[in-house]
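The structure displayed is predicted, hence computed values, not measured ones. Nothing fancy with the numbering, it's 1 onward along the sequence.
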Amino acid sequence: RHFQAYYDIWEICKEKVGILTATMLLCMLNWLLFSELITYTEKSNPDAEMRKEFASTTRSMWAEVINLHGEWPWCDYTTGGKGVGTIIGFFSIMIFCIPIGVFSAGFQDKIDERRDPDVDKDFDRRPWQECCRPQGPSVRHSVYEMLYAHLHPESPSLFAFQHKLLMWLNILAVTLSVTVTLASTLTFGYVCGYEGGDEEKPIKDCDAMDRLHMLGNFVDVSSLLFFAADYLMRFLATGPRHALSFVGLCDLASMVAIFMSMSPKYRKTIFPPNWRAVSNNRITIDDFIVPMRLVRLFSLESYFMALHVLKNVFYLNRLPLVRAGFALVSFWFVHATALYLNEAGHAGVEADEDMQHRYESVLRGLQYSIVHIFGDFP
């Protein structure tokens, strides 16, 4: 009534009826053909479950419609079945998904028809950093041009070169910092170095993690100095706006986490094997150090503007997204309810207690339903 999502779906079906009918017929032929082939190849499969699922063409159709969408919940095929599966993977999946592409193109056409070019004509698509460019020659102007030359193609070549150099240094520093963070969560040095029991005792000198922490500490000191200098330059170039921005807050959080983890004693409490052992499974500040270090990745947003582009896409397409989201959510609820009605009280010969437990209520079944809607059948 308000969103007209299903009205758009009906209009797309009427407008694309010719190509949808042709592609649906092609999909049906593929479906039946491969259902029959898989039934033939799997009739002598030594795996009882495979023989059961592909016992007849009619029974195989359920499994094959999943396979033709690119999902393979059953994979212990015979040699012949693997050959058929290879053909499906290379050729048939793309054919089977043609109606989805046709429908998506039709929905895009509907979006373009309903879009009013005057609604968002005053929307500023520029990054906020572009609006902070200082006027006139000054130290602040020079720092700004070095940091944000990619936003102004007319910037002098010297600033462009400095910007690229700084960008690659930033990428290198972020890569090293994130690599050290991830590597420090490994436990290989202690798995082999301690024996179990009431009191863990070292069974040999296994100091791989100690060396890793020393190397990580060196990288942290170097990267923290670079990150701090970069943060101060951006604060100088754009004022407090960078400090209050999402990227600026991520920069600050990551620097605080890196600084806290520079203490050798504290470092061993926030990374395995002592992490969690000290906190006794209670949530403490130690649990947030690794995530805070990893948010350093968002600092690269200043160069690539990926989140800015994503924000613009969501804003400019907010109404189509609302309509599509309404259709998805309503279909999700209907699908979950249908599964609940069919699985919750199913007590036949092939009753599955796990399925009954998953769909014992509509609310419980929602999490499994959304997985199936997205094409996955675990």
Side-chain angles (χ1 to χ4, degrees), residues 128-129 132 139-140 143-144 146-148 162-163 165-190 207-308:
W128 64 264
Q129 295 93 331
C132 298
V139 175
R140 184 185 176 194
V143 172
Y144 176 90
M146 180 176 62
L147 293 172
Y148 301 107
Q162 293 174 343
H163 168 76
L165 179 62
L166 185 62
M167 180 186 71
W168 285 110
L169 288 175
N170 214 319
I171 292 174
L172 177 62
V174 170
T175 302
L176 289 175
S177 179
V178 171
T179 301
V180 165
T181 303
L182 296 177
S184 297
T185 61
L186 299 175
T187 58
F188 61 86
Y190 290 89
D207 60 348
M209 290 299 290
D210 291 333
R211 292 195 300 270
L212 180 61
H213 286 317
M214 291 178 59
L215 176 62
N217 196 60
F218 173 77
V219 172
D220 283 351
V221 172
S222 305
S223 61
L224 182 60
L225 293 174
F226 179 83
F227 295 151
D230 181 78
Y231 183 85
L232 292 175
M233 287 193 297
R234 294 187 187 279
F235 187 87
L236 174 63
T238 62
R241 189 162 184 182
H242 175 75
L244 299 176
S245 67
F246 174 75
V247 176
L249 293 174
C250 289
D251 287 350
L252 188 60
S254 65
M255 288 190 293
V256 170
I258 293 173
F259 179 78
M260 292 178 64
S261 57
M262 284 170 56
S263 169
K265 184 177 180 180
Y266 184 64
R267 191 181 190 88
K268 292 184 179 180
T269 67
I270 60 176
F271 292 118
N274 295 322
W275 175 68
R276 282 294 186 190
V278 177
S279 63
N280 295 321
N281 293 326
R282 295 192 305 270
I283 297 179
T284 65
I285 186 62
D286 299 348
D287 299 319
F288 296 97
I289 297 298
V290 171
M292 287 170 64
R293 289 173 60 102
L294 292 177
V295 298
R296 189 68 213 180
L297 285 166
F298 285 108
S299 67
L300 300 179
E301 168 68 10
S302 298
Y303 297 101
F304 301 107
M305 302 296 172
L307 296 178
H308 169 73

Distance in Å, [X] [atom1] paired with [Y] [atom2], rounded so as to fall on 0.5 Å steps:
X	Y	atom1	atom2	result
Ser223	Leu172	OG	CG	10.0 Å
Tyr303	Asn170	OH	CG	4.0 Å
Leu176	Ser222	CG	OG	9.0 Å
Leu165	His163	CG	NE2	10.5 Å
Leu225	Asp230	CG	CG	12.5 Å
Ser302	His308	OG	NE2	12.5 Å

Would you mind writing out the side-chain donor-acceptor pairs for residues 240-248 within the sub-3.5 Å range, not counting sequence neighbours?
| residue | atom | partner | partner atom | Å |
| --- | --- | --- | --- | --- |
| His242 | NE2 | Asp251 | OD2 | 3.3 |
| Ser245 | OG | His242 | O | 2.7 |
| Ser245 | OG | Gly248 | N | 3.1 |

Parallel, tilted or perpendicular: ring planes of Tyr144 versus Tyr148, cut at 30 and 60 degrees: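 Tilted, since the angle between the ring planes falls between 30° and 60°.
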side-chain contact (heavy atoms from CB on, under 4.5 Å) for Met233 and Met146? Distances and angles first, verdict last. CA-CA 10 Å; Met233 287 193 297; Met146 180 176 62; 3.7 Å; yes
Please list, chain by chain and in numerical order, all residues satisfying side chain to side chain contact (heavy atoms under 4.5 Å, CB included) with [X], sequence neighbours excluded.
X	value
Leu249	none
Thr179	Thr175
Leu297	Val174, Val178
Ser263	Lys265, Tyr266

Could you pull out the closest heavy-atom pair between Leu307 and Glu301, with the gap in Å?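 In this case the closest contact between Leu307 and Glu301 is N-OE1, 2.8 Å.
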Is there a side-chain contact (heavy atoms from CB on, under 4.5 Å) between Thr181 and Val290? Walk through the geometry before answering. CA-CA 7 Å; Thr181 303; Val290 171; 3.9 Å; yes
Can you tell me if [X] uses its side chain to pair, donor with acceptor, with the backbone of [Y] under 3.5 Å?
X	Y	value
Thr238	Phe235	no
Ser177	Ala173	no
Arg293	Ser254	no

Taking only residues two or more places apart in sequence, or in another chain, which ones meet Phe227 in a ring-ring contact (aromatic ring centres under 6.0 Å, His included)?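 With sequence neighbours excluded, Phe227 shows a ring-ring contact (aromatic ring centres under 6.0 Å, His included) to no residue whatsoever.
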Between Val180 and Phe218, is any pair of side-chain heavy atoms under 4.5 Å apart?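 When only atoms from C-beta onward are counted, Phe218 and Val180 do not touch, as no gap falls below 4.5 Å.
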Begin from the C-alpha positions of Met305 and Gln129 and carry the test side-chain contact (heavy atoms from CB on, under 4.5 Å) through to its verdict. CA-CA 10 Å; Met305 302 296 172; Gln129 295 93 331; 3.9 Å; yes
Take atom CH2 in Trp128; do more than 12 heavy atoms of anything else shown fall under 6.0 Å from it?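 Yes.
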